[in-house]
Number of protein chains: 2
Amino acid sequence: MHLFWEKGYGSTSVADILSRAGVNSGSLYHYFPGKQDVLTAVLDTYIGGIREMLLEPAWRGVVDPIEKIWKLMDGYREALVQTDCTYGCPIGSLALEIHEPDPPVRERLAKNFTNWTDAIEDCLKAAGRRVPPGVDRRALAEFVLTTMEGGVMLARSYRDIGYFDRAIDQLKEHFNRLLRPATSPARSGPRQRKKGKSHA
Amino acid sequence: MHLFWEKGYGSTSVADILSRAGVNSGSLYHYFPGKQDVLTAVLDTYIGGIREMLLEPAWRGVVDPIEKIWKLMDGYREALVQTDCTYGCPIGSLALEIHEPDPPVRERLAKNFTNWTDAIEDCLKAAGRRVPPGVDRRALAEFVLTTMEGGVMLARSYRDIGYFDRAIDQLKEHFNRLLRPATSPARSGPRQRKKGKSHA
DNA sequence: GTCTATAAAAGGATAGAC
DNA sequence: GTCTATCCTTTTATAGAC
């Protein structure tokens, strides 16, 4: 998993995997028919672990559903910063690296994106009336993914986190213009009037 | 150039290049020190040809600067549709495929993105007062690139152009909320009052 | 400048002992 | 289940004739 994230699929040799895992060829091929099956297993691990590995760490202590979206973005930002903008989203990299993926691989890449989008869509649903009725929640959730992936691509290409930050800023601006401001946590009295910007 | 677009860099062998070009090994290595130098030459060709190869074909007959942006998006859409959503943006694919590019490669990938962003920024500048003063034109131009690349990634992963279309729709929505509506071509009279949506 | 032939290495995968 | 040894293919790159 880590090697595919660091170096991609093609540039990771079976010898690399054996060395990193501290096992020998016979062991790997006892469990996996071939290298591609290691990849599908890794993708399955991402699919099965999106909550424990990605969402829960990012959302610890966060309750506001829109804030959860930005916290998730922060997570990708941190990964970029920690690696000097060399490692981005493992799924996105694999998706563009493997030009003609076999169906089992492509399905799993798509499933990863779908689960990710589901999580964002859940946030938008949880935001309730802050998302006006006319807004397509699914399309907006997809747009968060689109922006994150595009922003990661540019930040990596330039080795400059500014490109990611500006992409997220634009997305926040889009949200600010699209969504109603957050209502205060319902103190059960006359509606409070908050002034000033809620974000960005 | 075409092979790197179709199959990526790593999956294109020197033998593939020789076969497609109809030449032999000796010829290629007479002009290029190695395979990576073929890549940098390809990237230089993209850099030098952005106008003739990309912008001019997309913008033929288009005068409105904002419309030019959408026409450029249409170009990427067409490339996706024509290839059943298998080939996307050649630069974006290479950028994510090559995880630790040597400096000469990374520089050229970044230069390609910069030139592309310059072209969009020029459109935004040409749009004049339609882009309100507070709007960061450079950041918005980058955001167009971010959205295009992210949209291409999803469309390819799902083999479904709908993901690209929805990303562009969101971007258009962002533009609609950010920009002033286009003024009619200055009929030199009292300001016309247009109602209804100008786009999307 | 282009050709053929080939070197030298790395890659994925297998065989068979233990 | 794991080990060592190795097969076979592919890959990049070079040598040297023409």
Side-chain angles (χ1 to χ4, degrees), chain A residues 1-48 86-87 90-91 93-109 112, chain B residues 1-48 86-87 90-91 93-109 112:
Chain A
M1 173 175 263
H2 202 90
L3 283 167
F4 290 161
W5 185 43
E6 284 176 359
K7 316 177 41 161
Y9 176 71
S11 299
T12 298
S13 70
V14 173
D16 290 333
I17 299 171
L18 299 176
S19 160
R20 181 72 66 98
V23 286
N24 298 95
S25 171
S27 299
L28 189 147
Y29 284 100
H30 176 73
Y31 291 101
F32 299 96
K35 185 187 172 187
Q36 181 174 292
D37 303 275
V38 178
L39 174 60
T40 55
V42 165
L43 292 173
D44 283 336
T45 305
Y46 279 120
I47 291 170
T86 53
Y87 311 165
I91 311 301
S93 299
L94 291 168
L96 285 201
E97 175 193 342
I98 308 173
H99 280 242
E100 289 180 358
D102 285 341
V105 172
R106 204 189 57 67
E107 285 164 13
R108 284 168 173 85
L109 291 169
N112 267 285
Chain B
M1 173 176 261
H2 202 89
L3 283 167
F4 291 161
W5 185 43
E6 284 176 359
K7 316 176 42 160
Y9 176 70
S11 298
T12 298
S13 69
V14 173
D16 290 333
I17 298 172
L18 299 176
S19 160
R20 180 72 67 95
V23 286
N24 297 94
S25 170
S27 299
L28 188 148
Y29 283 100
H30 177 73
Y31 291 100
F32 298 96
K35 184 186 172 188
Q36 180 173 293
D37 303 276
V38 178
L39 174 62
T40 56
V42 164
L43 291 174
D44 284 335
T45 305
Y46 279 120
I47 291 170
T86 53
Y87 311 164
I91 310 300
S93 300
L94 291 168
L96 285 202
E97 175 192 344
I98 306 173
H99 281 242
E100 290 179 359
D102 285 340
V105 171
R106 206 189 54 69
E107 285 165 14
R108 285 167 173 85
L109 291 169
N112 267 285

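Per chain, numbering begins at 1; letters A, B, ... match sequence-line order.
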First locate atom [atom1] of [X], then atom [atom2] of [Y], and finally report the distance between them rounded to the nearest 0.5 Å.
{"X": "B/Asn112", "Y": "B/Tyr46", "atom1": "CG", "atom2": "OH", "result": "8.5 Å"}
{"X": "B/Leu94", "Y": "B/Tyr9", "atom1": "CG", "atom2": "OH", "result": "10.0 Å"}
{"X": "B/Lys7", "Y": "A/Glu100", "atom1": "NZ", "atom2": "CD", "result": "8.0 Å"}

Within this structure, what is the [atom1]-to-[atom2] distance between [X] and [N], rounded to whole angstrom?
{"X": "B/Ile17", "N": "D/dT11", "atom1": "CD1", "atom2": "C1'", "answer": "12 Å"}
{"X": "B/Leu18", "N": "C/dT2", "atom1": "CG", "atom2": "C1'", "answer": "12 Å"}
{"X": "B/Leu28", "N": "D/dT11", "atom1": "CG", "atom2": "P", "answer": "15 Å"}
{"X": "A/Asp16", "N": "C/dG11", "atom1": "CG", "atom2": "P", "answer": "7 Å"}

| said: Nearest heavy atom decides the nucleotide; on that basis, is A/Ser11 or A/Pro33 closer to the 5' end of DNA chain C? | reply: A/Ser11
Between [options], which one does the side chain of [X] approach most closely?
{"X": "A/Lys35", "options": "D/dT12, C/dG12, D/dT4", "answer": "C/dG12"}
{"X": "B/Val23", "options": "D/dT2, C/dC3, C/dG12", "answer": "C/dC3"}
{"X": "A/His30", "options": "D/dT12, C/dT4, D/dG1", "answer": "D/dG1"}
{"X": "B/Ser13", "options": "D/dC3, D/dT12, C/dT4", "answer": "D/dT12"}

| note | Note: B/Ser11 and B/Glu97 closest approach over all heavy atoms is N-OE2, 4.4 Å
Ignoring backbone atoms, test whether [X] places a side-chain nitrogen or oxygen under 4.0 Å from the OP1 or OP2 oxygen of [N].
{"X": "A/Asn24", "N": "D/dT4", "answer": "yes"}
{"X": "A/Tyr29", "N": "C/dA13", "answer": "yes"}
{"X": "A/Tyr31", "N": "D/dT2", "answer": "yes"}

| message | Suppose we call a contact any N or O donor and acceptor under 3.5 Å apart; does that hold for the side chain of B/Ser25 and the base of D/dT14? | response | yes
